[in-house]
Protein chains: 2
Amino acid sequence: MAVDSHGTHNHGGCRTKSLAELASRLRGGERRLTGPRQAILAVLREAPHPLSSKEIHAALPRRECDPATVYRSLHLLEKLNMVQRFDLGDGVARFELQDPDGHDHHHHLVCRHCAAVVELDECDLDEFQQRVAAHSGFTLVSHRLEFFGLCPRCQ
Amino acid sequence: MAVDSHGTHNHGGCRTKSLAELASRLRGGERRLTGPRQAILAVLREAPHPLSSKEIHAALPRRECDPATVYRSLHLLEKLNMVQRFDLGDGVARFELQDPDGHDHHHHLVCRHCAAVVELDECDLDEFQQRVAAHSGFTLVSHRLEFFGLCPRCQ
DNA sequence: TTGGTTGCAAAGCGTTTGCACTTTA
DNA sequence: TAAAGTGCAAACGCTTTGCAACCAA
């Protein structure tokens, strides 16, 4: 599903070292490497697009853990910066594996009709964002940006 | 609260003709001009920033209508393009009066700590958005963009 | 009069939480 | 074994909906 031409990518870089990464990050925080956490990470590694908690739970090998555990694990992974949270417009939190070095800032293009998602590499907003920060006096400014449209099949 | 210097504005243009506008738009759609709808519109006209359904309800003169009616009215106003929906990052829908001609596309800067909101005039994304549309084959592309940071008082 | 609108209450949905039990280290 | 993690069930907050009563046109 990931479109690799046309300036999009598949976040393949995140998929290789995440398990070892998870283990070491957990140990650093006195957290434990458990079955559910590995399973959730495994699901996210295969996902070309952000997944909701429900989708992750449904994709678990034998639905082997409680939905509440999925939520708790995702919160943990988010705190460890191993996962990034998105809102693709429907108010449901979706999660995507994140490069540990945080160099994969990106946005999405979502079909308003069928909810298909295209991952976008590019982000033009640095200059705009710096202007916003300078004019407002705000610091540590970041942004959320998602595009919406009609995909070729739904037009 | 609206910051009018530094490239921000207060959306004053929306405040003048909205009631007559509402009446005529409603008539066009065989809808009725009721007390709750006028009251909600009056609240929105005074608001410098997007309001949640709960905030609107709390601001109604005598809390005179049911929360469910606020939700239903906001859906109607949104369908009539008289109100614009925003998500400022906390998953709660917020609404702001919209110019009937739709010429007030804008974004917000939200304090991560105290939730203060700055209205932003500028939007740089046309070129970026056109590139996204061209590369993906999507049509009718729009975007959602909000900035987050620490406001001067919270730093 | 009549069909759109409202109030009320209940339900829906994603998410969070309390608590006893289980598991990792 | 001790602290972290889990399952289960209940609760939560925002939002939607069914239905009978109400009211603008």
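Because the structure is predicted, anything quoted here is derived from the model rather than measured. Numbered from 1 within each chain, the chains take letters A, B, ... in sequence-line order.
Below 30°, between 30° and 60°, or above 60°: for A:His108 and A:Phe86 the angle between ring planes is above 60°, a perpendicular geometry.
OP1 or OP2 of D:dT16 lies within a sub-4.0 Å distance of a side-chain N or O belonging to B:His75. Look at A:Tyr71 and you'll find a side-chain N or O under 4.0 angstrom from OP1 or OP2 of C:dT15. Contact annotation: B:Arg32 does not reach the phosphate of C:dT6 (side-chain N/O to OP1 or OP2, under 4.0 Å). At the phosphate of D:dG13, neither OP1 nor OP2 sits under 4.0 Å from any side-chain N or O atom of B:Lys54. For the pair A:Thr34 and D:dT6, the criterion of a side-chain N or O lying under 4.0 Å from OP1 or OP2 is met.
Side-chain atoms of B:Leu77 and B:Arg37, non-hydrogen and from C-beta on, never get closer than 4.5 Å to each other.
A:Ser136 contributes a side-chain N or O that, together with a main-chain N or O of A:Val132, makes up a donor-acceptor pair within less than 3.5 Å.
There is no path of hydrophobic side-chain contacts, each under 4.5 Å, that joins A:Val92 to B:Leu88.
Residue order along DNA chain D, read from the 5' end via each residue's closest nucleotide, puts B:Asp66 first among B:Asp66 and B:Leu33.
If you take CZ of B:Arg31 and C1' of D:dA24, they are 14 Å apart, rounded to a whole angstrom. Summarising the geometry, the separation between CZ on A:Arg94 and C1' on C:dT15 is reported as 15 Å, rounded to the nearest angstrom. One atom, CZ of A:Arg37, and another, P of C:dT23, lie 15 Å apart when rounded to the nearest Å. One can place CG of B:Leu74 at 15 Å from C1' of C:dT6, the figure rounded to the nearest angstrom. Nucleotide D:dT16 holds its P atom 13 Å from the CG atom of A:Asp90, rounded to whole Å. Here C:dT16 presents its P atom at 7 Å from CZ of A:Arg85, a figure rounded to the nearest Å.
Interface remark: the B:Arg72 side chain does form a donor-acceptor pair with the C:dG7 base, using a distance-only criterion of under 3.5 Å.
Looking at heavy-atom distances under 4.0 Å, A:Ala68 makes contact with a base. Nucleic acid contact for B:Pro67: none, since no nucleic acid atom lies under 4.0 Å from a heavy atom of the residue.
A ring-centre distance under 6.0 Å is not found for B:Phe138 and A:Phe147.
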